[in-house]
Amino acid sequence: MRAFAGRRVVLAVSGGIAAYKAVEVCRRLVDAGAHVTPVLTPAAKRFVGEATFSALASERARLSLFDDDDPIPHVTLGQQADLVVVCPATARVIGAYAAGLAGDLLSATLLATRAPVVVCPAMHTEMWEHPAVRDNLRLLAERGVTVVAPEEGRLAGGDTGAGRLAAPESILAAAAEALAAGPQAPVRDMVGLRVLVTAGGTREPIDPVRFVGNRSSGKQGYAVAVEAAARGAKVSLVATVRRPLPDSVDLVLVETAEELRAAVVDRLPAEVVVMAAAVADYRPAAPAADKIKKSGEARTVTLEPTPDILAELGRGGQVETLVGFAAETSDVLANAEAKLRTKGADLIVVNDVSAPSVGFDGDTNEVVLLDAAGRTAVPLTSKRQVAQAILDRVVALRAAR
């Protein structure tokens, strides 16, 4: 909490039922020594009165672009802020911020600041899971915004699911981390390096229609590729899914483990290889040439091992720094440490994909980085920030040689 002492924090409150929880966040920030300026949307006032925030914060609540002595309050707030925390962040505010729309004081302040921004979504499960909301959050995370994922639990109306505002402790921890990191200007510490990244889950055909696969969305691998490009690397991405990418990244789309292996080998040597793809361990030994018709009878599919691409790269001598991934559901660290020993990797990124908001398909992740020197925990955060932690460690490993 010492990180907040003497710092100016804009607490942006939007119109959701979770606005009442922002009162506690405001109180804790002030108790930690922060100078807190509340900014409320018109909808937020329908849930919590401005007098509450004015009484608890360091100065009165700000409400409008026009009802203020300052002719440009959004610019003043944005320039003076050391940190902006949007708590709660509704789907509307998230969409406006992602699209660059400034329809009120809150959204205009977000666009006028260069301070770190922490966004704390809170909404019903159906809204939280809507593709538009997820795409907007992904875009914000790629721009360096810290996204504090909501929790699962009881929601307004009595139903239960994902979308409940994160606990104040989680919000303040993420805010302190963002404040310590400062504005998210990428460090150009990978200029001149050839970086090869893989992403997504392979599909191993059973017949022309069906396949053996996994739930990987490719988001973490894409985040690594985007971050490496921002740091100045020459990046090639071999992926099984298509997602937005900077023009500077060379994208190769594949489907099977064998195709992925061939594409990777074709792009060697490389200074850094990050094997974020979820490569199937097994494939059907004899895929059917035609669609298998439903007969009502049980069928047996014989599986055979796919190539162990990570191990091949580990002993091949064409990669200077090799990063592997381990998605686990039990004995997480023990399995990852065994993988580090046997695959020849320099770094293993492991996560427990059975945990909420971790791993497959979501926009957040929580990982542990394992290398010969020990382990580093990366708490739940956006996949872009996980990518930053991974590449920070890669740069450190290379510098230590």
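These values consider heavy atoms only, across backbone and side chains, with no hydrogens, waters or symmetry-generated copies. We number each residue from 1, following the sequence as shown.
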Tell me if a side-chain donor or acceptor on [X] pairs with a main-chain N or O of [Y] at a distance below 3.5 Å.
X: Glu151; Y: Arg164; result: no
X: Tyr222; Y: Ala239; result: no
X: Arg267; Y: Ala263; result: yes
X: Thr202; Y: Glu255; result: no
X: Thr125; Y: Ala162; result: yes
X: Ser58; Y: Val36; result: yes
X: Arg188; Y: Ala230; result: yes
X: Gln385; Y: Thr146; result: no
X: Thr90; Y: Gly15; result: no
X: Thr342; Y: Ala338; result: yes

Rounded to the nearest 0.5 Å, what separates atom [atom1] in [X] from atom [atom2] in [Y]?
X: Arg315; Y: Leu310; atom1: CZ; atom2: CG; answer: 10.0 Å
X: Thr109; Y: Leu77; atom1: OG1; atom2: CG; answer: 5.0 Å
X: Ile348; Y: Asp371; atom1: CD1; atom2: CG; answer: 10.0 Å
X: Asn365; Y: Asn351; atom1: CG; atom2: CG; answer: 4.5 Å
X: Ser14; Y: Leu106; atom1: OG; atom2: CG; answer: 6.5 Å
X: Lys234; Y: Arg194; atom1: NZ; atom2: CZ; answer: 8.5 Å

Measure the shortest side-chain to side-chain distance between [X] and [Y] over non-hydrogen atoms and say whether it is less than 4.5 angstrom.
X: His74; Y: Val39; answer: no
X: Ser217; Y: Arg243; answer: yes
X: Tyr97; Y: Val145; answer: yes
X: Phe211; Y: Thr256; answer: no
X: Leu101; Y: Ser107; answer: no
X: Arg393; Y: Leu347; answer: yes
X: Leu369; Y: Ile390; answer: yes
X: Thr41; Y: Arg92; answer: yes

Closest contact, heavy atoms only, [X] versus [Y]:
X: Gly218; Y: Ala199; value: O-CB, 3.7 Å
X: Pro121; Y: Pro150; value: O-CB, 3.6 Å
X: Ala174; Y: Val118; value: O-CG2, 4.3 Å
X: Leu196; Y: Ala270; value: CB-CB, 4.5 Å

What do the steps show when you test Leu165 against Tyr20 for side chain to side chain contact (heavy atoms under 4.5 Å, CB included), and what is the final call? CA-CA 11 Å; Leu165 182 69; Tyr20 78 93; over 6 Å; no
Electrostatic pair [X]:[Y] at N-O distance under 4.0 angstrom:
X: Glu24; Y: Lys21; answer: no
X: Arg384; Y: Glu142; answer: no
X: Glu129; Y: Arg134; answer: no
X: Glu169; Y: Arg28; answer: yes
X: Asp70; Y: Arg62; answer: no
X: Glu227; Y: Arg231; answer: yes

Can you check side chain to side chain contact (heavy atoms under 4.5 Å, CB included) on Val353 and Thr329, steps first, answer last? CA-CA 6 Å; Val353 294; Thr329 59; 3.8 Å; yes
One pair to check against side chain to side chain contact (heavy atoms under 4.5 Å, CB included): Glu337 and Arg375. What are the steps and the verdict? CA-CA 10 Å; Glu337 287 170 350; Arg375 58 181 72 163; 2.5 Å; yes
Heavy-atom count check: over 12 atoms from other residues, nucleotides or ligands less than 6.0 Å from [X] [atom1]?
X: Asp247; atom1: CG; answer: no
X: Arg401; atom1: CZ; answer: yes
X: Arg203; atom1: CZ; answer: no

Does a donor on one side chain and an acceptor on the other come within less than 3.5 Å for His124 and Asp159? yes
With side chain to side chain contact (heavy atoms under 4.5 Å, CB included) as the criterion, how do Leu140 and Asn136 come out once you've worked through the C-alpha distance, each side chain's angles and the decisive distance to 0.1 Å? CA-CA 6 Å; Leu140 292 178; Asn136 287 334; 5.6 Å; no
Check Asp189, Asp346, Thr321 against Arg398 for a side chain to side chain donor-acceptor pair (under 3.5 Å) and give me the one that passes. Thr321
Single hit among Val319, Val323, Leu313 for side chain to side chain contact (heavy atoms under 4.5 Å, CB included) with Met275: Leu313
Qualifying residue for side chain to side chain contact (heavy atoms under 4.5 Å, CB included) with Val238, from Val197, Val254, Leu253, Asp250: Val254
